[in-house]
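See structure below.
What you see is a predicted model; the values in this text were computed from it and never measured. Values below: all heavy atoms of this structure, side chains included; hydrogens, waters and symmetry mates excluded. Within every chain, numbering begins at 1; the chains are lettered A, B, ... in the order of the sequence lines, protein sequences first and strands thereafter.
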Protein chains: 2
Amino acid sequence: MSKVNLKQLAKELNLSVSTVSRALSNSHEISQETKEKVKYLAEKLNYQPNPHAMSLRSQKTKTIAVIIPELSNNFFALAIDGIESIMQTAGYQLLIYLSHEDQQKEVSIVNKLEGRVDGVLICMATETHDISHLRGLKEKKIPIVFFDRVSNKLNTVKVITNDIESAYKATEHLIARGAQRIAYISLSLNISVDQKRMQGCLKALEDHQYTGDKKRVLSCTINDEENYQLIKKMLSSPTRPDAIFTCVERLAITTYTVCRDLRLSIPVDVKVVTFSNMPAAALLSPPLTTISQPAYEIGKAAAQAILDALNKNIVELDDEKIILPSILIERAST
Amino acid sequence: MSKVNLKQLAKELNLSVSTVSRALSNSHEISQETKEKVKYLAEKLNYQPNPHAMSLRSQKTKTIAVIIPELSNNFFALAIDGIESIMQTAGYQLLIYLSHEDQQKEVSIVNKLEGRVDGVLICMATETHDISHLRGLKEKKIPIVFFDRVSNKLNTVKVITNDIESAYKATEHLIARGAQRIAYISLSLNISVDQKRMQGCLKALEDHQYTGDKKRVLSCTINDEENYQLIKKMLSSPTRPDAIFTCVERLAITTYTVCRDLRLSIPVDVKVVTFSNMPAAALLSPPLTTISQPAYEIGKAAAQAILDALNKNIVELDDEKIILPSILIERAST
DNA sequence: CTGTTAGCGCTTTCAG
DNA sequence: CTGAAAGCGCTAACAG
């Protein structure tokens, strides 16, 4: 059973190709009778329109690109779940690209997108400074929506969480638990969310008169091994912090590992709080207080935004921030 | 800067479209000089061939479909990472589809694939019994490779792990730890991996004379709430098992939750072992002994298999099993 | 209401 | 070595 196309349907029905095409797209200038005959046969022969021919003709691909730094992080997995739930309903395909936190890769991915997708959802790579590749997309009239990690250099829809506030609250949580010296561990201050989280954290510290060595920032990288050493060094010092706020889950896990290796107990010696969407966070030893982002909803919101743009045929999206709240989940230690 | 195509290049160079096309595809019947001129201009104008036109013409899409049940499970995230690493290099795009463990959805996804992709990588949904949709793909000459969850009803390449052996060893691990009554918790015996894991577990029990109420099987579903009740009921009984082998991570987490709610301690009252690829498993309270699958390598192997088929233009893949070993990770309880 | 025709951007015979 | 022309499957302008 080779692929059935319009021509074959037309021959079978003694109609022209265009009539069949119109009948299937429910054109009002086709008789009810013909429509039914055509649709019946199409159904019977399991006719599936050739997506490439359609794209070539209509310049619409019914495909969306999703560009993320990595996949083995529950935040992104959940976000894609959310995106998929919207796109599946709308009949769009999802092309997934991983930048592996590499600007070079991100650029080459983006440059191959034209003609392939109708819109782009992106969470920028840590490394990305220059955004001219994204500007290029806008010039090519491909709508683009940022989520989580955004750039203010480009005016478009951005779906984010209330990171400053959440970080502020989480820091107050550490203070309330009696922390004396608090350290914020950053992944890369090139990331918008990292900046905001740090901002919220430091603001809380200042408001509570945590200054000097009561307030500290450790800059980590995307290299886990290096981070381990950095954190170990900090926690080996006699004036080590007794509370740590990590920007991302991965750094929290590294921190846990360091504490275990140094035989420091959590949360007695060190209190830890982090942004995280790990499914098993509740089972951690001891339970980790987390700021949980609504990843699924973020994905849905971003998908909906791009869909709206496509439906209304708006190529140039307004600069708009959709802010969804994160939730602080405190877990009593056993 | 609107999209530049062959026609424009040809005009600019005073050549015909076909010459330009041939020059770019390095045809041997084009002079070196012309080739260079063409390539230079193409580079300069950042010419990107229209993928849909190419697909329409050549019937090759340079795109692979990946169909998985869900994404928020580290196994699949890692597998896709592996697939992507191979496909990125080979210049293939990845179309991701989620079946949400629903046969209906899987079928409708598969039916829309013809003409859209060159090959399919699939991990079947729990629910899927009937595989005629996959047979259909084979008839349409689209190569298909199974990974993790496979069907023996279709002859093709299958990338799996040594589940029977791993489960056997993990069960012996429980026995060595002094377990008296061991229960295997299954997700769905319709899944190939579940069957094998159970088989390995039960074989070990038999070999060690665990019979009668020393050996038990609990059948769970994809509904977490329901599973919670089923496990709770089992663990509330006076003759409750003191060791549990769960088929998948999610059931292990549910088991942990039940134990916490019933105030049973792990691993004193109940020993737990599971297949899992959770990144933070080492930090669980208490540490969980896991059988870790080489998810990334599975993805790579599956991707490589489909790529080989496409390169050699083999449409009908031989029935072949690629078996990668899982690793039992024992963790001392603190 | 239906058919004819052109063309989306590309590759690939077939002719020079 | 290069060009002209056909056609992949589809939609849409134009013509009846």
Residue B:R22, side-chain heavy atoms: nucleotide from C:dT4, D:dG3, C:dC10 that is nearest: D:dG3
Over 12 foreign heavy atoms within 6.0 Å of CG, A:D318: no
From D:dG9, C:dG3, D:dC10, nucleotide with atom closest to A:L6 side chain: D:dC10
Touch class at under 4.0 angstrom, heavy-atom based, for B:S18 against every strand present: base
Residue B:S16, side-chain heavy atoms: nucleotide from C:dT2, D:dC8, D:dG3 that is nearest: D:dG3
Residue-phosphate contact under 4.0 Å: B:Y47 side-chain N/O, C:dG9 OP1/OP2: no
B:E320, CD atom: more than 12 neighbouring heavy atoms under 6.0 Å: yes
Separation of D:dG3 P from B:L13 CG (nearest whole Å): 10 Å
Nearest-nucleotide pick for B:A53, side chain only, options being C:dG9, D:dT2, C:dG3: C:dG9
Donor-acceptor pair between A:D130 and A:S132 side chains, under 3.5 angstrom: yes
Nucleotide nearest B:S21 when distance is taken to its side chain, options C:dT12, C:dC8, D:dC10: C:dT12
Heavy-atom check, side chain of A:L41 versus side chain of A:Y47, under 4.5 Å: no
Contact nearer the 5' end of DNA chain C, comparing B:E29 with B:P49: B:P49
Sugar-phosphate, base or nothing in reach of B:S55, heavy atoms under 4.0 Å: nothing
Donor + acceptor pair across side chains of B:S16, B:S18 (<3.5 Å): yes
Options C:dC8, D:dG3, D:dC10, nucleotide nearest the side-chain atoms of A:L56: C:dC8
side-chain N/O A:S31 vs C:dT2 OP1/OP2, d < 4.0 Å: yes
Side-chain N or O of A:N50 closer than 4.0 Å to phosphate OP1/OP2 of D:dG9: no
Touch class at under 4.0 angstrom, heavy-atom based, for B:T34 against every strand present: sugar-phosphate
